[in-house]
Structure formats: structure tokens, C-alpha cells
Amino acid sequence: MLFAFLLLTTQPADAASRHIVTETVETLEYDLSKLSTPTKPVTGISGQFGPFRVIAPDTVEMTGAVDSFTPAVFRKLLNQYPRIRLIEMLDCDGSVDEEANLKLARMIRHAGISTNVPAHGSVRSGAVDLFLAGVSRTADPDAEFIVHSWMDENGLEAEDYPANDPIHAEYLDYYTEMGVPILTAKAFYAFSTSVPFSAQLRMSRRDLTRFQFLH
């Protein structure tokens, strides 16, 4: 069994209701053997920018987690390759800095970039939120999407907070900003946070459809 661990921190804009949220994903073993051979880059087009690897004038592959430096690295990437229009999310752990993750997501949307999870690709926890930033979002039937609840510095999870707590609104606001209708956003948030912090939930193709992830 293969385990992947993720630490995610979120800082709501309202200082009076500031929380530190952490997430850990325990991921069951899955086969990424088809990803073992890197895509051959187009002649003259290559480069590594944090978790991003340029493979074509309009395409990058993403592997790994988002940290505090990733938005700046991504901006450098766009400055050098302004024609990037697609992110292939191969094996994405999520984020160790949720504020940076959401900043990166908004940069992706503003740049008009689409997201795709290819066959045997995996996006987990905060990377699922990042996937939603794509102006067009697609995924192979074998793609893996894993969600679960967050936990704060006091050991409290999403369901331990009142429904009207601002910490929930931060996520709902982001989902609706990415084009998910508010009722669907609420349904997805309830779905993902119903899973304990120490567990995981793999989304089915039907889940992706009903929560309007793909378009």
C-alpha cells in the first residue's frame, strides 16, 4: 500500500475568524505505470517550473504539490511561455499552503487555461480544488479524484463548525467563482467534508458529473 500525506493551510480573509486548517490524505495504491515514460518534449520547448514541466508551446504537465512559492513560479512560467493553455495534472498531491493554492487557481482561470487529468492521473485534496480552475475541465475515465475533510489546529474538522461559520464560506465562494452553481457547490462541500480527516473518498465518474466538474 502506498501512502501520500498532505498538509494544507487556509487563512480566511476575516482576521476575527482566522483558522489554520490542515489536511492529510491517505491514498491507496494505484497504478501510474503508464506515466513512467515522460512525454517527449517538442524540440526547443522544455523547462521545469516547480511542479510544472513544459512539454509543448501550449501545454504543461503538473506533478507534486503547491507551496507558497508556486504562484510566483507559475507567473515566471507564463512570462516565458505566454501561449500555455492546458495543464495535464498527472499526480498532484494538493497543497501545503491553501492561500497559495487558491491564488494559483485564480491565475489559471484568469489566463484562460484548461485542466485535464489523463488516464491513471491522480488529483487529491487541494489539487481537486485546483482542477476546478480550468476554463475547460476534462478527465479520463481512469483518472482519480480523492477528497476528504480538513482539520484545524485544534483538531476540529469541518462538521465541528456551525454551518454559518466563515470558514465554510471561503470554500463555497471559491467554487461559485469557478462557475459551480451555489447549490451544487454546497452539495459538493457537504460530500467532501463528510469524510473524516483521517480517511479518503474517491469520486466516481457520476460524482464528477453531478457536481459539474467536467465541461
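In what follows, residues are counted from 1 in the order of the sequence shown. Since the structure is predicted, the reported quantities are computational estimates derived from the model, not experimental observations.
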Check your understanding: Around atom CZ of Arg205, are there more than 12 heavy atoms of other residues, nucleotides or ligands at under 6.0 Å?
Key -> yes
I'd like to know if the side chain of [X] and the backbone of [Y] have a donor-acceptor N/O pair within less than 3.5 Å.
X	Y	value
His215	Ser136	no
Asp165	Pro162	no
Gln48	Gly50	yes
Ser192	Tyr189	yes
Arg124	Ile146	no
Asn101	Gly126	yes
Tyr81	Thr59	no
Arg83	Leu78	no

Exercise for review: Just do the side-chain contact (heavy atoms from CB on, under 4.5 Å) check on Ser149 and Glu159 with the steps written out, would you?
Suggested key: CA-CA 8 Å; Ser149 182; Glu159 292 187 338; 6.0 Å; no
Check your understanding: How are the rings of Tyr175 and Phe188 set relative to one another: parallel (under 30°), tilted (30 to 60°) or perpendicular (over 60°)?
Key -> perpendicular
Practice item. For the residue pair Phe74 and Phe52, categorise the inter-ring angle as parallel (less than 30°), tilted (30 to 60°) or perpendicular (more than 60°). Key: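 Rings of Phe74 and Phe52: tilted, as their planes differ by 30° to 60°.
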With a 4.5 Å heavy-atom cut-off, do [X] and [Y] have their side chains touching?
X	Y	result
Leu214	Phe131	yes
Val60	Leu86	no
Leu90	Met62	no
Leu102	Glu170	yes
Thr63	Cys92	no
Phe211	Val180	no
Pro181	Gln212	yes
Ile87	Glu61	no

Review point. If you measure from the Lys or Arg side-chain nitrogens to the Asp or Glu carboxylate oxygens, is any gap between Asp207 and Arg202 under 4.0 Å?
Key: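 Judged by the 4.0 Å cut-off on N to carboxylate O distance, Asp207 and Arg202 do not form a salt bridge.
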Review point. Less than 4.0 Å between a side-chain N and a carboxylate O, is that true for Arg109 and Glu177?
Key: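 No.
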Once rounded to the nearest 0.5 Å, what's the spacing between atom [atom1] of [X] and atom [atom2] of [Y]?
X	Y	atom1	atom2	result
Ser194	Leu201	OG	CG	6.5 Å
Asp140	Glu88	CG	CD	10.0 Å
Leu77	Arg53	CG	CZ	12.5 Å
Glu144	Gln200	CD	CD	7.5 Å
Arg75	Lys103	CZ	NZ	6.0 Å
Thr70	Asp97	OG1	CG	8.5 Å

Practice item. Could you give me the CA-CA distance, side-chain angles and deciding distance for Asp58 and Arg85, then say whether salt bridge (Lys or Arg N to Asp or Glu O under 4.0 Å) is met? Key: CA-CA 5 Å; Asp58 62 350; Arg85 291 296 178 269; over 6 Å; no
Which atom pair, heavy atoms only, marks the closest approach of [X] to [Y]?
X	Y	value
Ala133	Ala105	CB-O, 3.2 Å
Met203	Val147	SD-CG1, 4.0 Å
Asn79	Pro82	O-CD, 4.0 Å
Asp129	Tyr174	O-OH, 2.7 Å
Pro118	Ala143	O-CB, 3.9 Å

Practice item. Give the C-alpha distance, both sets of side-chain angles, the deciding distance and a yes or no for side-chain contact (heavy atoms from CB on, under 4.5 Å) between Val135 and Ser114. Key: CA-CA 5 Å; Val135 292; Ser114 297; 3.4 Å; yes
Review point. Is it the case that Arg210 places NZ or CZ above or below the six-membered ring of Phe191, under 6.0 angstrom from the centre and within 45 degrees of the axis?
Key: yes
Exercise for review: Would you please say whether a donor-acceptor pair under 3.5 Å links the side chains of Asn116 and Thr138?
Suggested key: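 Yes, because at least one side-chain N or O of Asn116 sits under 3.5 Å from a partner of the opposite role on Thr138.
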